[in-house]
Amino acid sequence: MSYLLEKLHFKNVKELTQSTVGGHDLLQHRQKIQALSEETNQYLKKNVYQNYMQFIETAKEISYLESEMYQLSHLLTEQRSLIVTLLENSLLGDKAPGLRGVEKPETKAKFNTEIAVNLNVNNQEGRKRLTALLEKVEGCASVVESLTRILIHEGDMVELDPSDNCAIGRVRGFLLNDSFMIASWLPNKRGNMRYQYQALYELEGLAVINIRDLGPVKYAFKLMMFPDTRVLQCANSSDKKEWLEAFDLAKHLKTKKEISPTPSAETKDNSYDEAFNHFAAFADDESFTGFPNGTENSQEVAESIPDWVVEVADDMDVYVAQRDFEEAVSLAEKTRDFWDGASPSVVNLHRDLKLKIDSRIRQLSEVLMNELRVSPDKSLQGGPRAASRAVLLLSRLGQASQACDLFLKHRSALLKHNLRQLKTEGATTLYIKRITSLFFPFVADTGREISRVFPKNKVCASAFVVWSRNEVGKFGNNFRKHVFTSGSTLTTVAECVALVRTHSEQLTEIGLDLTFYLENELRGQVERCLRDAREKLMESIKLRALEDKWRPVNFVNKSGIARFADDMSEIGIASIHSWVYDECWVALTSNTINFSKAYLTFLDDALKMPSADSNIFVDEILLDIFQAQLKHVDNSFRSGKYKGEAKFISRNASFLLHTVLAIAQRRVSEVRLHPCPSFAKLRSEFEWLANDSQKITTTIKSPVADQSFI
């Protein structure tokens, strides 16, 4: 098919090129084709929008139809089994007319007896085996509570994905007389505990379908229970046969129990369930006041339960199928209130009904948890509203801790998705600005949502703090990867760190302060950058000192002086005009000017990055750099090589101490709210260099210009 399309496309292109003249016609045809393509796309989008609700309604109708067909098939199967059982229990003891192809009652009874013996359906043995599951299966206490429940068959299987038949994991199946339980293997064995409870499905709503051996899928059968479908694979054909026969026997015994009359006295004496029936001893005693008219007492107690309680399980199935989770949760809360207010005798008498409803509530909780679970093939288009809705409903069902855990995992996946949408193109500062503007408001919104959904829940609040710390750690790793690179300058690093510190203060609005943890994550890289910048500045000071001739700078004209004044004003030195003479001369060396610019720029960057814990480290670097420059001035003054320039050297020292160092002290005090004692000590140590300018009477006459700024 693709070959024919390519051939047709080639033919059309060939005819088009033959019919056109020049490239202009081809461009017109190309524009026409693009216009048609865009028009078609718009038309298709419009049709999708117009029919969107129809698509949703159709999908719902198909889902409802599938559910109804499944229920109808299940009812037909149960009805057929009931008819066969009625025909087998003929009053005359022989086969009813018209029942052809059905085994004799003796043969059928013998077959069922053999299976019962092989599968340990004996009540005593089955009850003991079921009770023993408490030591092997974690979380199955509610399954063992029913006194009429026994274990028929169990075994290991592999669960397959119904869509692609890939192995999901190893499971253990337990077939009971009224239900089927699935447990997963624990990865880390804890004592005798080997399995983790997964789900319990009642036989009443369970359909077992045999799967033909096809390809790699062998010895498998399918379990269908609305709205789930599970595929289980046995080890061999004999295990599969045992499972299918066990399911048939369990359904047969359940159906026979439902239609069988009241058991005789002989049967009661041998029944295991009799031992757990506290009212059996009074069943035949009409004088017992608690049971008027004999067996009519159970009917009166049953009538004391409202009809809506009996229909709760079916109603919850309908609500889940319609995705009306709010109504399902409201019904679960109403049912819980009913059982809490019911008498113990009513609860004990209707224990099976209560367990059935509890199973539906657990299935509802699992469906809501699936709304929050994130998998590679599941999109996040539901957004935070859908997640918040599921979390609120789970908290109403008493699953606050699980809901909080899944909600935080959902938020992590959503944050990761949003960060991936940001492009890393452009300057590093712009990218960091985008991710900080996204990350910290996202964490703050998550905290507000946790406070709203789980008010006064200390466990969820602690979980949020741990989650926030982990997310900040991930953010710090991403930040280091993009910022602390070999090509990043100190100014870029400082701006990025300042952005992070500023945005992290948003978390204090919700009572969370992770600034210390964030700074601890970045401290090592920040100090490394400061050391590298210090080494570069120290090296540049040494190089300029070798080339320094102690000559003033000539800027040729007034425009040059104006540009120089603007440059110095940008770094905070507004009084530079006091150092200008003869219109275009500056009584400073190029070394002093360059050092002032570099030092004040480094100072601004250094003050943006460190925290209070690293102030001493920064002070040492600032002191070392300034001290190196002053030592150069001191060495030049003492060497005697520049005796004629002594006053000029002293004026440069005065500029460094009284102007540059004073600006540095003021900026440090503004940021830290206290002065730096190291600067005061440094100033007092080299103050004599500036004071000597008053003692020297040498003046600057006809200076030789330093051409480095011309």
Side-chain angles (χ1 to χ4, degrees), residues 51-79 159 161-163 178-182 198-209 222-232 306-336 338 352-373 375 377-379 381-383 385-399 402-403 406:
N51 301 322
Y52 183 69
M53 294 304 299
Q54 295 182 6
F55 293 157
I56 295 178
E57 295 297 332
T58 305
K60 288 183 179 179
E61 293 295 333
I62 292 174
S63 177
Y64 299 156
L65 181 60
E66 181 182 3
S67 173
E68 292 175 358
M69 292 297 293
Y70 163 69
Q71 294 177 1
L72 179 60
S73 174
H74 182 65
L75 290 175
L76 291 175
T77 303
E78 295 293 335
Q79 188 176 10
E159 184 175 4
D161 192 334
S163 59
D178 61 346
S179 55
F180 177 68
M181 183 177 71
I182 296 180
Q198 271 196 7
L200 181 71
Y201 304 108
E202 298 182 6
L203 293 179
E204 182 181 355
L206 182 67
V208 183
I209 301 174
K222 181 183 294 186
L223 300 179
M224 297 184 65
M225 69 302 292
F226 183 78
D228 298 332
T229 300
R230 306 186 80 154
V231 179
L232 302 177
D307 294 337
W308 66 269
V309 179
V310 181
E311 299 175 355
V312 165
D314 296 334
D315 292 341
M316 291 190 71
D317 287 340
V318 173
Y319 289 141
V320 172
Q322 296 176 347
R323 297 185 64 81
D324 193 355
F325 299 133
E326 287 82 0
E327 290 295 331
V329 172
S330 299
L331 184 59
E333 291 177 331
K334 184 179 178 182
T335 307
R336 181 177 56 196
F338 170 78
D352 291 342
L353 177 60
K354 185 175 182 299
L355 292 175
K356 182 178 180 180
I357 295 175
D358 292 343
S359 176
R360 293 297 192 276
I361 294 176
R362 285 194 295 269
Q363 292 179 11
L364 173 62
S365 300
E366 188 64 26
V367 172
L368 291 174
M369 289 180 183
N370 287 332
E371 293 289 313
L372 294 173
R373 289 192 178 99
S375 58
D377 55 347
K378 183 178 179 182
S379 65
Q381 294 180 356
R385 289 188 178 181
S388 300
R389 172 196 177 201
V391 169
L392 282 171
L393 296 177
L394 281 171
S395 61
R396 289 170 58 184
L397 290 175
Q399 305 285 342
Q402 295 90 333
L406 290 173

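In what follows, residues are counted from 1 in the order of the sequence shown.
By the 4.0 Å N-to-carboxylate-O rule, Lys356 lies too far from Asp352 to be salt-bridged with it.
In plain terms, the two heavy atoms of Leu203 and Ser179 that are nearest each other are CG-N, 3.6 Å. In terms of heavy-atom proximity, Leu331 sits nearest to Val312 at CD2-O, 4.0 Å. Closest of all the heavy-atom pairs between Gln402 and Met369 is CB-CE, 3.5 Å. Here the closest non-hydrogen pair linking Leu206 and Tyr201 is CD1-CB, 4.3 Å. Nearest approach of Leu368 to Ala390, heavy atoms of both residues: O-CB, 3.9 Å.
Within the 4.5 Å cutoff, side-chain heavy atoms of Glu202 are placed close to those of Arg360. Contact check for Arg362 versus Asp358: side-chain heavy atoms found under the 4.5 Å cut-off. The shortest side-chain heavy-atom distance between Gln198 and Glu159 falls under the 4.5 Å cut-off. Residues Met316 and Leu364 are in side-chain contact: their nearest non-hydrogen atoms beyond the backbone lie under 4.5 Å apart. Taking the side chain as every heavy atom from C-beta outward, Thr229 and Leu223 never approach each other to under 4.5 Å. Between Leu355 and Leu200 the shortest side-chain heavy-atom distance does not fall below 4.5 Å. At a threshold of 4.5 Å between non-hydrogen side-chain atoms, the residues Trp308 and Thr335 count as touching. In this structure, the side chains of Val309 and Ile357 come closer than 4.5 Å at one or more pairs of heavy atoms.
Residues passing the salt bridge (charged side-chain N to carboxylate O under 4.0 Å, His left out) test with Glu326 are Arg389, sequence neighbours excluded.
Rounding to the nearest 0.5 Å gives a distance of 11.5 Å between NZ of Lys222 and CG of Leu232. Between Glu327 atom CD and Asp315 atom CG the span is 10.5 Å, to the nearest 0.5 Å.
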